[in-house]
2 protein chains.
Amino acid sequence: MVTIKDVARHAGVAPSTVSYVLSGSRKISDETRAAVRAAIDELGYHPRASARTLRRARSEVLVLAVPREPGKYRAVDGRFAIDIGDTARELGYDLLLMTDPDGVRGLTRVARSGLADGAVLMAVRERDPRVAALRKHGFPAALVGHGDESEGDDPPWVDLDWAAAAGLAVREAVAVGHRRIAYWASADHEFAARNGYALRGLAGAEAAARASGAELVVRRSTVDPEALRARLAEVLTARPRPTALLVQHLIPLPLLLEEIAALGLRVPDDLAVVLVGSLPDEAVPRMLPRIELPVGRMAQAAVRLVVDAVEGAERTAGDHELIAPRMADGPPVAAPDG
Amino acid sequence: MVTIKDVARHAGVAPSTVSYVLSGSRKISDETRAAVRAAIDELGYHPRASARTLRRARSEVLVLAVPREPGKYRAVDGRFAIDIGDTARELGYDLLLMTDPDGVRGLTRVARSGLADGAVLMAVRERDPRVAALRKHGFPAALVGHGDESEGDDPPWVDLDWAAAAGLAVREAVAVGHRRIAYWASADHEFAARNGYALRGLAGAEAAARASGAELVVRRSTVDPEALRARLAEVLTARPRPTALLVQHLIPLPLLLEEIAALGLRVPDDLAVVLVGSLPDEAVPRMLPRIELPVGRMAQAAVRLVVDAVEGAERTAGDHELIAPRMADGPPVAAPDG
DNA sequence: AACGTCAGTCGAATCGATTCGACTGGGTTC
DNA sequence: GAACCCAGTCGAATCGATTCGACTGACGTT
């Protein structure tokens with residue numbers, strides 16, 4: 001195992017000199033630097049992360065907390081994990097994936113052991129115990145998504161502007177002539193948990209409908225396939241029937257499309273379908289007009305926010321980034337009576 | 001920042017005694033142990049990971065190498081990342097997510113810096129440079145998936161038995177009466193890369209078809225939507241036309257289903273569709289008969305293999321786990337002429 | 001020639017936990 | 001009562017890099 005001493009001996013200098021060559025924090029003559037560099041290459045030296053971390057009290061590692069209900073998997077979490085890993089690496093940090101079902105215990109352990117310097121939290125709930133635990137330890141954090149309402153000392157967060165996104169979907173539909181529009185909102189349990197995106201998305205759709213004078217038929221989604229089919233059938237067999245369906249709860253999208261087909265309706269001729277908050281690069285959503293969840297931008301913003309906090313930029317608590325929605329490239333919203 | 005010295009002072013013992021209480025590696029009297037425990041709780045002490053790692057030369061961290069083509073995202077990677085994180089934690093390890101596009105550089109850095117003790121490699125290619133790099137550093141590793149052929153000193157791996165899986169799909173179709181079966185194999189570029197699952201899956205399907213006397217029509221898939229539609233249309237408009245379609249390339253599944261519908265064929269009445277290697281818990285696949293990729297079991301096996309290597313169990317190189325396929329719970333394969 | 005300056009380098013302390021050998025005092029043995 | 005043993009605890013060395021103060025010559029100044 002090659003250490004800084006081996007390099008120093010090999011180059012004929014003191015260990016501290018090697019360290020200064022590596023960090024560049026003191027002037028070193030060109031010859032010495034060259035000799036040290038050569039020794040490093042020849043011996044294949046790489047500093048021990050643990051020794052450096054111990055001394056500097058900085059690990060250059062971030063932790064991503066993915067809340068996990070055993071047996072359940074949300075595709076969006078995996079997607080964010082990859083993108084956040086990419087971004088962290090670009091800023092010089094490695095990413096630790098924390099999939100503790102509890103979350104508080106795992107995060108506390110990582111924070112107190114100094115394994116990571118900061119945390120990105122996915123799927124933050126209102127009054128999330130993880131946020132409280134991290135604050136108690138003064139551990140830098142950034143949130144992906146934000147709760148119902150934020151207090152002054154909440155960690156910084158990034159989120160899609162769900163109200164604007166739903167509103168945009170409504171306006172796009174109205175713009176091509178739809179007057180009776182169905183909004184397929186988040187699932188019951190998401191409203192029960194007072195998830196920010198669920199509440200804000202629905203509110204945004206309703207506000208936009210009021211402003212444009214269109215009639216909005218709202219249904220909450222559910223994870224129960226039978227109930228889902230029944231609710232959708234009820235909406236789509238009403239007379240007069242909505243000519244557009246805006247879908248925010250995308251997990252059961254294939255089921256919805258299947259039920260639409262089973263009711264004898266063709267998309268988009270009989271029913272325009274618009275997606276709100278779909279993941280990029282997924283095959284089914286790409287066939288439809290949609291507002292995508294900007295995973296890449298959100299990942300970047302979240303990592304930047306926590307890195308700022310770690311590296312002690314000016315006060316960042318209360319800082320946040322609300323991303324404006326836009327229609328993704330793809331098919332336009334179809335006009336009614338097509 | 002609470003250290004072991006603070007705990008020792010608070011409990012009126014030496015730091016080494018605190019360490020022994022924590023590790024249990026020496027006898028400690030009940031009173032002393034209780035006093036130390038109390039001090040730890042009271043002060044909220046947690047050992048510094050860096051100090052422990054420095055001393056023990058063991059970090060209790062594994063690294064997951066996810067190869068990454070910039071801008072591309074494979075849902076299967078995110079899914080494995082979460083499950084591997086779960087399993088690692090159960091065995092006492094944290095998981096570092098490495099999404100370096102290069103892979104070799106990132107892994108080398110992690111290995112030589114002692115940031116992690118072992119690696120799990122996703123999407124291993126034949127003669128993968130990452131495997132060579134890790135071997136050079138004597139870094140423990142386990143692979144998810146395996147290459148075309150393995151040499152004696154390859155790292156241990158885990159994989160679905162793709163030949164058996166494809167064979168099982170063929171036999172299931174034959175068992176309910178299908179005689180003319182189409183096999184939608186992996187994409188061109190996967191064969192070009194000589195990916196193990198692509199080669200073995202196809203070979204397994206062909207062998208099972210020969211053995212059962214059924215006629216097998218093979219087409220390779222592609223990522224180009226237009227070419228995909230054309231190839232599928234050609235297969236499904238042939239006379240006589242196949243009555244079953246076995247799909248191994250699942251990424252464009254929605255496109256395939258759409259094209260099938262566009263050709264006026266109903267699933268499963270006109271065409272039985274069977275999936276080979278679908279991800280668990282995804283909505284579209286669950287509506288069809290299928291052989292799932294056992295992500296959980298594979299994650300468990302991969303982590304166990306690398307942990308065995310890290311903890312220096314007997315020689316594990318060449319060790320591996322080939323998982324037998326089975327039909328997932330769900331709709332049965334439909335009979336032809338239904 | 002004496003002194004100050006400065007670039008470049010070195011030595012030693014330090015981060016916090018682990019671990020080995022050594023020590024202590026109460027109990028056992030003959 | 002001397003010799004021995006053992007359970008339980010302590011002290012000090014150690015892991016490898018960083019960083020601060022101090023040192024050394026070479027050079028410039030007067």
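Chain naming here is simple, since letters A, B, ... match the order of the sequence lines and numbering starts at 1 in each. Computed from a predicted structure; not experimentally measured.
OP1 or OP2 of D:dA17 has not a single side-chain nitrogen or oxygen of A:S19 nearer than 4.0 Å. For the OP1/OP2 pair of D:dG16 and a distance below 4.0 Å, the side-chain nitrogens and oxygens of A:Y45 include no atom meeting the criterion. Regarding contacts with the backbone of D:dT18, a side-chain N or O of A:R52 is found under 4.0 angstrom from either OP1 or OP2.
At whole-Å resolution of the value, CZ in A:R9 and C1' in D:dG16 are 13 Å apart. The separation between A:L54 atom CG and D:dT14 atom C1' is 12 Å, rounded to whole Å. Atom pair A:Y20:OH and C:dG11:C1' shows a separation of 11 Å (rounding to whole Å applied). Rounded to whole Å, atom P of C:dT14 lies 18 Å from atom CZ of B:R48. At whole-Å resolution of the value, CG in A:D6 and P in D:dG16 are 9 Å apart. Summarising the geometry, the separation between CZ on A:R58 and C1' on C:dG16 is reported as 18 Å, rounded to the nearest angstrom. Rounding to whole angstrom units, CD1 of residue A:I4 and C1' of D:dT18 are separated by 8 Å. We find that CD of A:E31 is positioned 13 Å from P of D:dA26, with the value rounded to whole Å.
The shortest heavy-atom contact between B:L64 and B:A81 is CD2-CA, 3.5 Å.
Residue A:I28 is classed as a sugar-phosphate contact, given heavy-atom separations below 4.0 Å to backbone atoms only. Nucleic acid contact class of A:V13 (heavy atoms, under 4.0 Å, all strands): sugar-phosphate only. In this structure, B:T3 reaches the sugar-phosphate backbone alone: every heavy-atom distance under 4.0 Å involves primed, P, OP1 or OP2 atoms, never a base. Among the atoms of the strands shown, only primed sugar atoms or phosphate atoms (P, OP1, OP2) are found under 4.0 Å from some heavy atom of B:S29.
Interface remark: the B:R112 side chain does not form any donor-acceptor pair with the D:dG16 base, using a distance-only criterion of under 3.5 Å. Remark: the A:R26 side chain and the D:dT19 base include no donor-acceptor N/O pair separated by less than 3.5 Å.
If you check the side chains of A:T53 and A:S50, you find no donor sitting under 3.5 Å from an acceptor. There is no side-chain donor-acceptor pair under 3.5 Å between B:S19 and B:S16.
Residues A:V158 and A:I323 meet the side-chain proximity criterion, which asks for heavy atoms closer than 4.5 Å. Side-chain contact check for A:T17 versus A:I28: some heavy-atom pair is nearer than 4.5 Å.
Mapped onto DNA chain D by nearest heavy atom, B:T32 and B:R55 fall at different nucleotides, with B:T32 at the one closer to the 5' end. For the pair B:R33 and A:L22, both in contact range of DNA chain D, the more 5′-proximal nearest nucleotide belongs to B:R33. Mapping B:K5 and A:D30 onto DNA chain C by nearest heavy atom places A:D30 closer to the 5' end of the strand.
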